[in-house]
Amino acid sequence: MLQVPFIRDNKAAVIAGLAKRHFDAKDLVEQVIVLDDERRALQTKLDNTLAESNAMSKEIGNLYKSGKAAQANQLKEKTSALKETSKAFGDHLNTCLEKLQNLLYQLPNVPHDSVPAGKSEEDNEEIFNEGSIPELYAGAEPHWELAKKYDIIDFELGNKIAGAGFPVYKGKGARLQRALIAYFLDKNIAAGYTEYQLPLLVNEASCYGTGQLPDKEGQMYHDAQDNLYLIPTAEVPGTNIFRDVLLNEAELPVSITGYTPCFRREAGSYGAHVRGLNRLHQFDKVEIIRVEHPDHSYKAFDGMIEHVKGILRELKLPFRILRLCGGDTGFPAAMTYDFEVFSTAQDRWLEISSVSNFETYQANRLKLRFKNSAGKNELAHTLNGSSLALPRVLAGILENYQTEKGIEIPEILVPYTGFSIID
RNA sequence: GGAGAGUUGGCAGAGUGGUCGAAUGCGGUAGUCUUGAAAACUAUUGAGGGUCAUACCUCCAGGGGUUCGAAUCCCUUACUCUCCGCCA
């Protein structure tokens with residue numbers, strides 16, 4: 001959520017920044033300012049009324065104490081009118097605040113200066129490309145065929161047990177998956193991240209904290225009985241660790257990592273592009289999350305990019321990095337880089353990681369602050385990224401490492417899998 | 001699931017109707033002392049709104065109520081703890 005004083009002071013910049021998302025913020029921004037003016041005026045009126053009745057109450061108390069009950073009773077009669085006016089101002093103020101809140105929820109984060117304008121994924125900038133795309137043998141197949149051929153992922157069985165989008169991994173498929181999780185976590189820990197095991201169900205407040213609510217209500221699985229949501233990403237429980245937290249400056253930066261399954265309803269997305277492992281209702285992901293001093297958050301961002309690069313290099317997968325344009329950058333993010341692995345047999349790029357700096361947008365909702373060197377409480381910056389999303393890495397390995405003899409296991413993973421080929 | 005107890009500032013923990021935004025301790029900050037540090041001592045230290053700055057207002061888990069006046073009484077929701085039941 002953007003801060004109102006920031007919007008007031010940087011009105012033109014906010015509108016221009018959001019234009020890069022093809023988001024016309026002009027009316028919203030105007031409304032925010034008008035409502036905020038109204039809010040202030042009402043607050044002042046309410047405060048004055050309350051001050052008056054506070055003074056009166058004090059006087060009544062004093063009169064009683066000094067035995068002047070008759071005078072006190074006389075004063076009491078005057079309080080009812082004050083009560084009514086303060087109630088009216090209070091109600092008015094509340095509706096005003098509610099409206100303001102709603103407006104603020106509608107404003108996405110202002111993109112960083114370096115973010116290109118653009119409408120959709122076609123306007124994203126490729127800023128990095130590494131690894132050669134392997135020449136596959138004549139009979140090379142997409143991963144869903146390979147999965148069947150080597151009996152490592154059973155989509156039909158998942159359909160039977162749960163439904164589409166819930167694959168069953170078995171044998172070496174399951175073991176490879178587990179190896180990847182362990183490898184990613186070890187890499188993250190070696191880079192200074194602390195491992196967490198987090199709840200997979202979260203409450204409403206946490207969903208508001210990271211912005212899944214109110215915007216993305218229908219995209220999460222919801223247990224109505226207990227009013228809990230299945231997490232769509234570890235970002236939700238991981239970042240909400242810091243909801244309503246005041247850190248000391250010396251405690252920054254905070255770096256955490258965690259493996260969790262992720263659950264997404266993905267309502268309405270079917271078809272060829274979601275075949276196999278491309279899009280699932282349940283998938284595994286290892287996430288990295290950082291809380292940073294505002295002065296260092298972009299340095300941390302670069303560090304996260306390098307870190308993910310390092311993992312993909314070790315896996316020897318061909319990948320590229322995209323700087324997302326304004327239109328494709330997620331609602332709460334100021335800047336996002338996507339990592340994509342080339343899926344040889346499908347002849348397309350698959351997103352496997354997304355690293356974002358939210359600056360203070362999430363922190364403002366979360367009330368995540370730190371005491372700065374001047375002794376003032378200041379909003380921290382939050383960042384997160386995947387390292388990595390499992391199914392598409394798996395798809396990338398299956399497709400890029402397939403040979404006539406079977407699927408080779410990237411060397412770095414062999415100590416984790418305990419086998420070097422799936423055949 | 002049943003019964004009971006609790007939720008107070010960065011943390012711990014007093015406070016049961018009127019100078020309580022809240023004792024005390026820890027922690028933080030500044031200073032004295034010290035070559036420097038530690039210890040000790042002294043001072044200072046909750047958050048938000050509002051103002052040029054004051055004034056002033058709000059906040060003692062969330063919401064509602066009683067009262068001239070609520071951290072304190074009542075209702076309600078959430079959470080925590082203890083006991084019983086159930087259970088990997």
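For the numbers below, each heavy atom of this structure counts, side chains included, while hydrogens, waters and symmetry mates do not. Throughout, protein chains are lettered first and strands after them, A, B, ... in sequence-line order, and every chain is numbered starting at 1.
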**Study point:** Whole-Å P distance, B/U44 and B/A71
**Key:** 26 Å

Check your understanding: Taking atom C1' in both B/A53 and B/A37, what distance in whole Å separates the two?
Key -> 41 Å

Check your understanding: Should B/C79 form a Watson-Crick or G-U wobble pair with both distances under 3.5 Å, which nucleotide is its partner?
Key -> B/G6

Exercise for review: Considering only atom P, compute the distance from B/U67 to B/G13 and round it to an integer number of Å.
Suggested key: 36 Å

Exercise for review: Would you mind reading off the distance between A/K367 atom NZ and B/G9 atom P, rounded to a whole angstrom?
Suggested key: 14 Å

Revision key, fill the gap. Answer for the Watson-Crick or wobble partner of B/C59, both distances under 3.5 Å, is B/G46

**Study point:** Pairing partner (Watson-Crick or G-U wobble, both distances under 3.5 angstrom) of B/C11
**Key:** B/G25

Practice item. Using the P atom as the reference point in each nucleotide, state the distance between B/G10 and B/U32 in Å, no decimals. Key: 29 Å

Revision key, fill the gap. Answer for the Watson-Crick or wobble partner of B/G1, both distances under 3.5 Å, is B/C84

Point to revise | Any strand: nucleotide that pairs with B/A39 via Watson-Crick or wobble, under 3.5 Å | key: none

**Study point:** A/Y64 OH - B/G17 C1' separation (whole Å)
**Key:** 13 Å

Review point. Should the ring pair A/Y221 and A/F263 be called parallel, tilted or perpendicular, given that the plane angle runs from 0 to 90° and is split at 30 and 60?
Key: perpendicular

Exercise for review: For A/L247 and B/G28, give me the distance from atom CG to atom P, rounded to whole Å.
Suggested key: 16 Å

Review point. Do A/F128 and A/Y337 have their ring centres less than 6.0 Å from each other?
Key: no

**Study point:** Value in whole Å for how far the P atom of B/C68 lies from CE of A/M56
**Key:** 13 Å

Exercise for review: Pick the C1' atom in B/C59 and in B/C33, then give their distance to the nearest Å.
Suggested key: 41 Å

Check your understanding: Just how far, in rounded Å, is C1' of B/U77 from CD of A/E204?
Key -> 12 Å

Point to revise | Spacing of A/K58 atom NZ relative to B/A70 atom P, expressed in whole Å | key: 12 Å

Point to revise | Gap in Å between the two C1' atoms, one belonging to B/U19 and one to B/G15, rounded | key: 16 Å

Exercise for review: Determine, step by step, whether A/Y229 and A/D223 satisfy the side-chain contact (heavy atoms from CB on, under 4.5 Å) criterion, reporting the C-alpha distance in whole Å, the side-chain angles of both residues, the deciding distance to 0.1 Å, and the verdict.
Suggested key: CA-CA 6 Å; A/Y229 292 83; A/D223 167 21; over 6 Å; no

Revision key, fill the gap. Ranking A/K83 and A/N94 by the position along RNA chain B of their nearest nucleotide, the one closer to 5' is A/N94

Check your understanding: Is the shortest side-chain N to carboxylate O distance from A/E141 to A/K149 below 4.0 Å?
Key -> yes

Review point. Could you give the CG-to-C1' distance, from A/L75 to B/G18, as a whole number of Å?
Key: 15 Å

Point to revise | Near-ring test A/Y298/A/H112, centroid separation under 6.0 angstrom | key: yes

Review point. How does each nucleotide of nucleotides 44-63 of chain B score, in 5' to 3' order, for protein heavy atoms under 4.0 Å: base (B), sugar-phosphate only (S), or none (-)?
Key: ---SSBSS----SSS-----

Review point. Does a donor on one side chain sit under 3.5 Å from an acceptor on the other, for A/N203 and A/S206?
Key: yes

Check your understanding: Atom CG of A/L63 and atom P of B/G69: how far apart are they, to the nearest Å?
Key -> 15 Å

Practice item. Classify the angle between the aromatic ring planes of A/Y183 and A/Y416 as parallel (below 30°), tilted (30 to 60°) or perpendicular (above 60°). Key: perpendicular

Check your understanding: Of A/N248 and A/I60, whose closest RNA chain B nucleotide lies nearer the 5' terminus?
Key -> A/N248

Point to revise | Same-atom distance (P) from B/C57 to B/G50, integer angstrom | key: 16 Å

Revision key, fill the gap. One should read off an interatomic distance between A/H296 NE2 and A/H293 NE2, to the nearest 0.5 angstrom, of 6.0 Å

Check your understanding: Taking the six-membered ring of A/Y259, is NZ or CZ of A/K285 closer than 6.0 Å to its centre and within 45° of its axis?
Key -> no

Exercise for review: Could you work out the separation of B/G18 and B/G69 based on their C1' atoms and round it to a whole Å?
Suggested key: 6 Å

Study note, to complete from the structure: Under a 3.5 Å limit on both distances, the Watson-Crick or wobble mate of B/G69 is none

